[in-house]
Amino acid sequence: MTLLLRAGLLYTGSREIDDGWVLMRDGTIVEVGSGRAPHANQWVNEPNCIAMPGLVNAHDHMYQWATRGYVPDGTLFEWLRALYPVWTRIDADVLRVAARAAMARLLLSGCTLSTDHHYVFPRGRPGLFAALVETARELGLRFHPCRGSMSLGESKGGLPPDSVVEEHDAILADTEAMIGRYHDPQPGSMCRVVVAPCSPFSVTSELMRESAALARRHGVRLHTHLAETLDEEKFCVEKFGMRPYELMEDLGWTGDDVWYAHGIHLNDAEVERIAEVKTGIAHCPSSNMRLGAGACRVEDLVRAGARVGLGVDGSASNEDANLAMEAHQAMLLARVRSTSPRALDARTALRMATQGGAECLGRDDCGAIEVGKCADIACFRADDLAHAGIQDPLAGLALAPPARAQTVIVNGRVVVRDGRLKTADEEAIAREIAATSARLARGG
Ligand SMILES: [Zn+2]
């Protein structure tokens, strides 16, 4: 089965080709060219669009779609303390509805590969991880679910209440079971499992160490939150006598199989070290601004040669899951942080949203439109009212707030066409998430 996509401008991640086309077969890109195109079973023609590599979401908590708008003016720790009790009420039904909303919004923003960091497993609520994996299959999203965890409750000096943390052995056993059931290491994989204890203030050092050993035994990646706020830095210095990144080095949580969410409060030496050991950073500008967490030193990390991707983070601290918007936000925030319009240019922001994220997730088969790579492509209109006439239309995708994607292809399958989801009913998802959010808020 072959699919041919033709676009007014084809941006491969390194080349910009007018009137370009991409030929895909069985989920893989087999030919890229311009002008006269070869025959294919199925055609998508987008003369008014820019086609680019599908966007990669390097950090998220999809369950949070059911708890948007809480603590609108709180710090991370205030926001977490208020939300933990609400999150203890989630079950597989809530998660399924929330994940459908999150994934729908991601796909409509041009995202084709996403991780999800799920770390809330209330006692006696089975099927949570399975609900995520099945929803990604249903909507057609390439997916890297993280088996997250929390093991350090309030009674042991952690931030979360004891009711929402799990037992050490149970976490490791279930994580290993999820790897066995869902992890596909093959090139072109649609599902890879990640091991992801939540943060320095919600898991024990023993769990961090043993999680790293478990992941390395199975050849899967490691993910956690790091250096998100100054409150976290204070917690680490007081409890462990180390800064957050020093703690990660001490726990064996550095290297090219690790990526952190946020990485905001890093000093010069830590920026250099992170680049050197090839640990990734998932920058989440909207969430960081919403929580007043600070601004990641993306331009310094990029200059140092670090792997930097973009994430929407959970929608309880973003209120959306629009990955294209994060490229726009990242570019603007970097310029504010360094008071320089040259801090981050549009193409670098778009590279972070694609190849940078793929590097964080360990995917050398995603993030670019090249022969042999996965057939994951996003097309954005350059002729709509918001974008028509912008000089340098490719830069315009990051300079102007993004429109929804016009066409999105994942693994050679058209999942968004004419700005509409093909794999789910958007209005039905909106009705379901409204009802589920209301029920959760009432305590149901
Ligand atoms: Zn997060």
Side-chain angles (χ1 to χ4, degrees), residues 56-68 70-71 74-84 86-87 90 95 98-99 102-103 105-106 111 114-121 132 143-150 152 158-160 164 194-203 208 211 221-233 235 244 248 253 258-266 279-296 298 308-323 325-326 329-330 333 357 360-361:
V56 180
N57 180 24
H59 186 62
D60 204 343
H61 313 286
M62 295 182 178
Y63 74 94
Q64 290 183 8
W65 200 275
T67 58
R68 293 191 297 156
Y70 287 65
V71 201
T75 65
L76 175 69
F77 280 15
E78 290 164 351
W79 173 90
L80 281 170
R81 284 199 182 100
L83 278 161
Y84 285 136
V86 186
W87 293 340
I90 67 161
L95 189 53
M103 291 180 194
R105 284 294 293 159
L106 283 170
C111 175
S114 180
T115 189
D116 186 54
H117 187 183
H118 190 82
Y119 56 85
V120 181
F121 292 86
L132 287 167
F143 194 41
H144 285 208
C146 300
R147 205 311 183 173
S149 53
M150 296 194 290
L152 190 68
L159 190 76
V164 75
V194 179
V195 179
C198 188
S199 63
F201 51 82
S202 61
V203 297
M208 290 297 285
S211 293
R221 295 181 85 73
L222 288 161
H223 182 50
T224 193
H225 291 95
L226 198 79
E228 180 174 2
T229 64
L230 291 172
D231 285 339
E232 175 200 325
E233 185 177 299
F235 179 95
M248 290 300 113
W253 265 76
V258 182
W259 89 103
Y260 309 135
H262 307 302
I264 294 171
H265 301 284
L266 302 172
T279 296
I281 299 287
H283 173 40
C284 307
S286 294
S287 168
N288 297 159
M289 289 190 273
R290 203 280 205 181
L291 293 168
C296 177
V298 274
V308 186
L310 295 178
V312 297
D313 205 355
S315 49
S317 63
N318 181 329
E319 276 68 29
D320 201 355
N322 183 335
L323 194 60
M325 183 61 102
E326 299 304 319
Q329 301 279 51
L333 181 58
C360 286
L361 269 54

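One-based numbering, in listed order, for ligands and for the atoms of each. Along the sequence shown, residues are numbered consecutively beginning with 1. Please read these numbers as outputs of a predicted model, since none were measured by experiment.
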Would you say the ring centers of His144 and His223 fall short of 6.0 Å from each other? no
Starting from the C-alpha separation in whole Å, work towards a yes-or-no answer on side-chain contact (heavy atoms from CB on, under 4.5 Å) for Val298 and Val308. CA-CA 7 Å; Val298 274; Val308 186; 3.9 Å; yes
Residue and atom names of protein N/O/S atoms that fall under 2.8 Å from the Zn ion (ligand 1): His59 NE2, His61 NE2, His225 NE2, Asp313 OD1
Which residues share a ring-ring contact (aromatic ring centres under 6.0 Å, His included) with Phe77, sequence neighbours left out: Phe201
Mind telling me whether His225 and His262 have parallel, tilted or perpendicular rings, with 30° and 60° as the class edges? parallel
Assess the residue pair Leu159 and Met150 against the criterion (side-chain contact (heavy atoms from CB on, under 4.5 Å)); give the C-alpha distance rounded to whole Å, side-chain angles, the decisive distance to 0.1 Å, and a yes or no. CA-CA 10 Å; Leu159 190 76; Met150 296 194 290; over 6 Å; no
Measuring from atom CG of Leu323 to atom OG of Ser114, what distance do you get when rounded to the nearest 0.5 angstrom? 8.0 Å
